[in-house]
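Starting from 1, each residue takes its place in the sequence as its number. Bear in mind that the values here come from a model prediction, so they are computed numbers and not experimental data.
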Amino acid sequence: MAEEGQVISCHTVDSWNQQFQLAKESKKLVVVDFTASWCGPCRLIAPVLADLAKKMPNIIILKVDVDELETVAKDWSVEAMPTLIYLKEGQVIDKTVGAKKDEIEQKIALHSAA
């Protein structure tokens, strides 16, 4: 498991499966950031997520590049980037589509407190 306080990038399906399983077992809020290197709004939201990861050790942020891990993106029905999926114990509890900083911060605050 990566250090607390940072965004965990998953570059292989095995890495994704391992990190997702560890995150699920942690019982923490898990935020999966589906992104792409060519996506301008994704680049805008990346530092926001990095900052939240530092400030909030009670959450886990996993980053998935949709071009690297197409099968994972398809499994989660990701159609636009960035898509953030919020999970607790492996169950989807919320979703944000787009680089909506305020909405992302509100949802993380809401679901990490629950």
Side-chain angles (χ1 to χ4, degrees):
M1 187 86 178
E3 294 296 311
E4 280 189 346
Q6 66 187 36
V7 175
I8 303 164
S9 292
C10 302
H11 296 288
T12 65
V13 173
D14 285 346
S15 162
W16 159 255
N17 288 336
Q18 180 186 7
Q19 293 297 344
F20 182 66
Q21 190 58 40
L22 289 168
K24 197 161 63 170
E25 290 167 5
S26 76
K27 305 215 185 311
K28 293 180 180 183
L29 173 66
V30 179
V31 182
V32 184
D33 173 25
F34 288 95
T35 185
S37 58
W38 46 264
C39 167
C42 298
R43 289 196 294 270
L44 292 175
I45 214 68
V48 173
L49 294 174
D51 193 46
L52 287 167
K54 277 192 197 94
K55 287 182 189 164
M56 303 180 77
N58 59 325
I59 65 170
I60 295 171
I61 301 176
L62 302 178
K63 184 175 182 174
V64 174
D65 185 310
V66 297
D67 293 322
E68 281 184 337
L69 300 182
E70 283 182 50
T71 55
V72 175
K74 281 191 182 122
D75 288 347
W76 290 86
S77 304
V78 173
E79 296 173 356
M81 276 64 70
T83 292
L84 285 87
I85 297 179
Y86 308 84
L87 305 124
K88 276 263 178 93
E89 296 181 48
Q91 299 299 307
V92 175
I93 54 172
D94 216 333
K95 183 176 183 176
T96 300
V97 179
K100 300 172 187 160
K101 178 180 181 283
D102 293 344
E103 181 181 314
I104 292 165
E105 289 174 342
Q106 287 167 357
K107 286 185 177 185
I108 287 175
L110 173 73
H111 297 305
S112 64

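Considering all non-hydrogen atoms of both residues, C10 and S15 come closest at CA-OG, 3.6 Å. When all heavy atoms of S9 and H11 are compared, the pair lying nearest together is CB-NE2, 3.5 Å. Taking every heavy atom of both residues into account, A80 and V78 meet most closely at O-CG1, 3.6 Å. Here the closest heavy-atom approach between residue P82 and residue P41 is recorded as CD-CB, 4.0 Å. Closest non-hydrogen pair, I104 versus G98, comes out as CD1-O, 4.1 Å. Pairing each heavy atom of A36 with each of D67, the nearest pair is CB-OD2, 4.1 Å.
Between D65 and L69 the shortest side-chain heavy-atom distance does not fall below 4.5 Å. With contacts defined as side-chain heavy-atom distances shorter than 4.5 Å, the pair I93/L29 qualifies. The closest side-chain heavy-atom distance from I45 to T35 is not below 4.5 Å. Side-chain contact between F20 and L87 is present, with at least one heavy-atom pair separated by less than 4.5 Å. With a 4.5 Å cut-off on side-chain heavy atoms, V7 and D33 do not count as touching. Residues V32 and W76 form no side-chain contact, since every pair of their non-hydrogen atoms from C-beta on lies 4.5 Å or further apart.
Applying the side chain to side chain contact (heavy atoms under 4.5 Å, CB included) test between I85 and each of V64, V31, V92 identifies V92 as the sole match. Looking at Q19, Q18, E25 one by one, the single match for side chain to side chain donor-acceptor pair (under 3.5 Å) with Q21 turns out to be E25.
Atom NZ of K107 is surrounded by more than 12 heavy atoms from other residues, nucleotides or ligands within 6.0 Å.
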side-chain contact (heavy atoms from CB on, under 4.5 Å) between T83 and K95, worked out: CA-CA 7 Å; T83 292; K95 183 176 183 176; 3.7 Å; yes
Full working for side-chain contact (heavy atoms from CB on, under 4.5 Å) between V48 and E105: CA-CA 9 Å; V48 173; E105 289 174 342; 4.0 Å; yes
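Note on ring orientation: taking the six-membered ring where Trp is involved, the planes of W16 and F34 are tilted (angle from 30° to 60°). Using cut-offs of 30° and 60° for the angle between ring planes, the Y86 and H111 rings count as tilted.
Listed for the K28 side chain is a donor-acceptor partner under 3.5 Å among the backbone atoms of P57.
To the nearest 0.5 Å, the span separating CD on Q6 from CD1 on I60 amounts to 11.5 Å. For the atom pair CG (L22) and CG (L62), the distance works out to 9.5 Å, reported to the nearest 0.5 Å. Here the NZ-NZ distance, from K88 to K27, works out to 11.0 Å after rounding to the nearest 0.5 Å. Taken to the nearest 0.5 Å, the CG atom of L52 stands 5.5 Å off from the CD1 atom of I61. The CG atom of D102 sits 11.0 Å away from atom OG1 of T96, with the distance rounded to the nearest 0.5 Å.
Following chains of ILVMFWY side-chain contacts shorter than 4.5 Å, one cannot reach L44 starting from V97, and the two form parts of different hydrophobic clusters.
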